[in-house]
Every structure is written in structure tokens, then in C-alpha cells.
Amino acid sequence: MEEICALLSAFLCEAGTGSYKIFYEEELMEVLPEEIRNRETLEAALKNLGGGGYVDVKYARGNAFCIAAVKKFEPVIPVATEKTEETAAQRLTAPALFPKKAYAYITLCAFFGGAVGGAVGGGIAAILGAVL
């Protein structure tokens, strides 16, 4: 049904969107594939498009339809996603934020930063103690 709605919506949008136009059953039927070209299919497609807010059917009398195309119907194409199976151990294990070598580097930098900061603070305290 999505293909039929897409064909019909494209035809109606080509005629213009936003304003009501008169379409005859014969010209709407030409849009449909030949093997399913009947009034029931046409009415079902128009009902689907109307329910989705793609067209507004003001009236259908005899073989004349008063239709306003609101927006073009875009069929939803399912995206194939590849799902990988996770084991229980993988779900429980937290992902590593840093490589293992980075932890040694971070620890070493923290140690030297503390040592330098302590030395600077001690030097300032010694100078202030001597001056006061």
C-alpha cells in the first residue's frame, strides 16, 4: 500500500499543494499499477493519505474527487541494523576510559605535580618565615 500511496501522492503534489483541485477517477486510476487498478484500491489509498495528513479530500461525487495535496508522502524504508550478541561478562565490564599505559602516565604526572607544588609551597613558607 505504501508504494500506491507514494505514486498517488507524487501525482497529486505535481498538480500543486495547498489548494483544492478536481481530479477525475480515470486520471487517478492511470497512476495505479494496472494489476490493482480499481475503485476500492483508489479509495483505500486516498483514505490512508488523508489519515496521515498528506491529502485532504473535500468530496467524492461520482467519478470526480476534490482533493488538496498537503504534503508529499515519503514511504518509510526500514534500515537494516546489525545486532551483535553481548555476553553477560561484556555487559558487566565497564568500558576503559584510557589505555592501560595512560594510567601510569597520569599517576606519574600527579606525583610530580604534588612534589613540585609542595616544594613551591615550602619555599614560600620558608621565605615568609624568614621575613616575618
Side-chain angles (χ1 to χ4, degrees):
M1 182 58 80
E2 283 190 351
E3 296 86 13
I4 296 166
C5 289
L7 291 171
L8 196 56
S9 176
F11 174 76
L12 294 171
C13 285
E14 279 181 21
T17 58
S19 61
Y20 288 96
K21 294 185 177 41
I22 304 294
F23 296 96
Y24 292 98
E25 183 177 354
E26 296 81 30
E27 62 183 321
L28 293 175
M29 289 285 196
E30 289 176 8
V31 177
L32 302 177
E34 203 169 313
E35 60 272 1
I36 55 171
R37 198 175 283 173
N38 57 44
R39 176 112 181 177
E40 293 80 27
T41 304
L42 176 64
E43 288 176 351
L46 287 173
K47 185 176 181 180
N48 282 346
L49 289 171
Y54 298 101
V55 299
D56 185 27
V57 181
K58 193 171 189 177
Y59 64 83
R61 292 191 186 121
N63 67 345
F65 295 85
C66 183
I67 303 171
V70 178
K71 61 184 177 180
K72 190 172 181 181
F73 176 79
E74 298 291 336
V76 178
I77 301 170
V79 177
T81 58
E82 186 176 311
K83 188 173 181 178
T84 58
E85 288 295 320
E86 278 187 320
T87 63
Q90 289 173 333
R91 284 191 297 258
L92 293 175
T93 305
L97 297 176
F98 302 105
K100 289 187 179 187
K101 289 183 180 180
Y103 286 113
Y105 178 73
I106 292 169
T107 304
L108 190 61
C109 287
F111 175 75
F112 284 127
V116 170
V120 169
I124 291 175
I127 292 173
L128 288 176
V131 172
L132 297 174

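In what follows, every heavy atom counts, from backbone to side chain, and hydrogens, waters and symmetry copies are set aside.
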Would you name the heavy atoms of [X] and [Y] that are closest together and state the gap between them?
X     : Y     : value
Met29 : Arg37 : O-NE, 2.9 Å
Ala45 : Cys5  : O-SG, 3.9 Å
Ala15 : Lys21 : O-CE, 2.8 Å

Count I, L, V, M, F, W, Y as connected when their side-chain heavy atoms are under 4.5 Å apart, and connections chain through other members. Are [X] and [Y] then in the same cluster?
X      : Y      : value
Phe112 : Val120 : no
Val31  : Leu42  : yes
Val70  : Ile4   : no
Phe11  : Ile36  : yes

Output side-chain donor-acceptor pairs under 3.5 Å for residues 50-67, partner residues at least two apart or in another chain, one line each.
unit_1 : atom_1 : unit_2 : atom_2 : d
Asp56  : OD2    : Tyr20  : OH     : 2.2
Asn63  : ND2    : Glu26  : OE2    : 3.3

Original post:
Take atom NZ in Lys47; do more than 12 heavy atoms of anything else shown fall under 6.0 Å from it?
Top reply: no

Original post:
CD of Glu3 to CG of Leu32: how many Å apart, nearest 0.5 Å?
Top reply: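 One finds 12.0 Å between CD of Glu3 and CG of Leu32.
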
Original post:
Quick one: does Leu28's side chain get under 4.5 Å of Leu8's, heavy atoms only?
Top reply: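 Side chain of Leu28 against side chain of Leu8, heavy atoms only: contact under 4.5 Å found.
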
